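Not measured: the values here are computed from a predicted model. Counting starts at 1 for both ligands and their atoms, following the listed order.
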Amino acid sequence: MDPASATKDTLPNGAWAQVSVIDSASLSNLPLEPYFHCDLPRLQRVTVPAFSFVITNQQGRCALFDLGLRKDWPKLAPTAVAEVHNDELGIHCEQDVRDILDAHDFRIDDIEAIILSHHHFDHIGDPSRFPSSTALVVGPGACEALMPGYPDQEDSEILTSDYSGRDVREIDFTSTNLFILGLPALDYFGDGSLYLLSTPGHAVGHMAALVRTTTSPDSFVLLGGDACHHCGELRPSPGRPLPTSAPPCVTRFLERQSNDGKQAFFQIQRDARFAAYCHNADEAEQTIVRLQRFDALDNVLIIFAHDASLKTVVDEFPATLNDWFVKGSSCRWRFLGDFEE
Ligand SMILES: [Zn+2]
């Protein structure tokens, strides 16, 4: 199947996997202007979570998707530490993903891989806290762009200790014949329960993950990493127009934009001052358009790594997200609270 023929908005069949969210860390004072322009007072500097996920298929194969932050962030590569200082970020991580898994007696040795949406310090965590049998899975081009890590390469954004002594597998989407709603995909476990999706733009080799949460009826969560930094970059969209129940402050905002309620509130930042924050703005924009096709489906819930609007509504590990669809999802538009004047 080629991308052109994959226009029918149906998702492939397969098994389901258990998926849980870990909310181990947060970033405060995060500026959003480098990612998209917005004059809403509530969206200048924000406090956001840095979600990680535990995914286990029915044969017991287990992978993590993203690791959030490390507790000892001053030990990050100097390039990353400089980013923290430049943006005047607050980093809060008392218990990292490993600590939280241990607190629940999770069998760490069963984790076959840490899959990274991308390499930024708020996603890579501290892989050295996991056994050497745990592989690191990264997106296309990541190895060449980032390795060797610091201190072997002074200006690398990652540490050599993030990957040394373990298998590093770089995903190659160029030879895949699987496309899901136009996105190159890879069936990670081979049973249709976890697909890695090529979602380039924000960072080199950026990937998302599509996890099937139930079968008959099928439902999915799409772990979107940093494809968006706020749901207003994704919604509204032609397939997911603004609900008529939206509060007046939101409709006033749309009127000022001459937005018919079918276009996203915010667009990828193009100002050259912020070029360093986005690897490829054209690709990032194209990725969002593709994700809007997933978001138009009622049985797909997209969760970005820093979606503060989901922070108090999703049940955290060891609870699972698998029942989100049967419970009924009212969280898709929770972010509209950010428009309150
Ligand atoms: Zn991030």
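- Between NE2 of H123 and OD2 of D122, the angle at the Zn ion (ligand 1) works out to 100°, rounded to 10 degrees.
- Among the heteroatoms counted here (N, O or S) of D226, OD2 is the one nearest to the Zn ion (ligand 1).
- Aromatic ring centroids of F265 and F339 lie under 6.0 Å apart.
- Sequence neighbours left out, not one pair with a member in residues 137-167 passes ring pair (Phe, Tyr, Trp, His ring centres under 6.0 Å).
- Among the candidates H120, H230, H123, the single residue satisfying the ring pair (Phe, Tyr, Trp, His ring centres under 6.0 Å) test with H306 is H123.
- Comment: D72 engages R70 in a salt bridge, judged by a side-chain N to carboxylate O separation of less than 4.0 angstrom.
- For the Zn ion (ligand 1), the set of nearby N, O or S atoms under 2.8 Å includes none belonging to H118.
- Among the atoms of H306, an N, O or S atom is found under 2.8 Å from the Zn ion (ligand 1).
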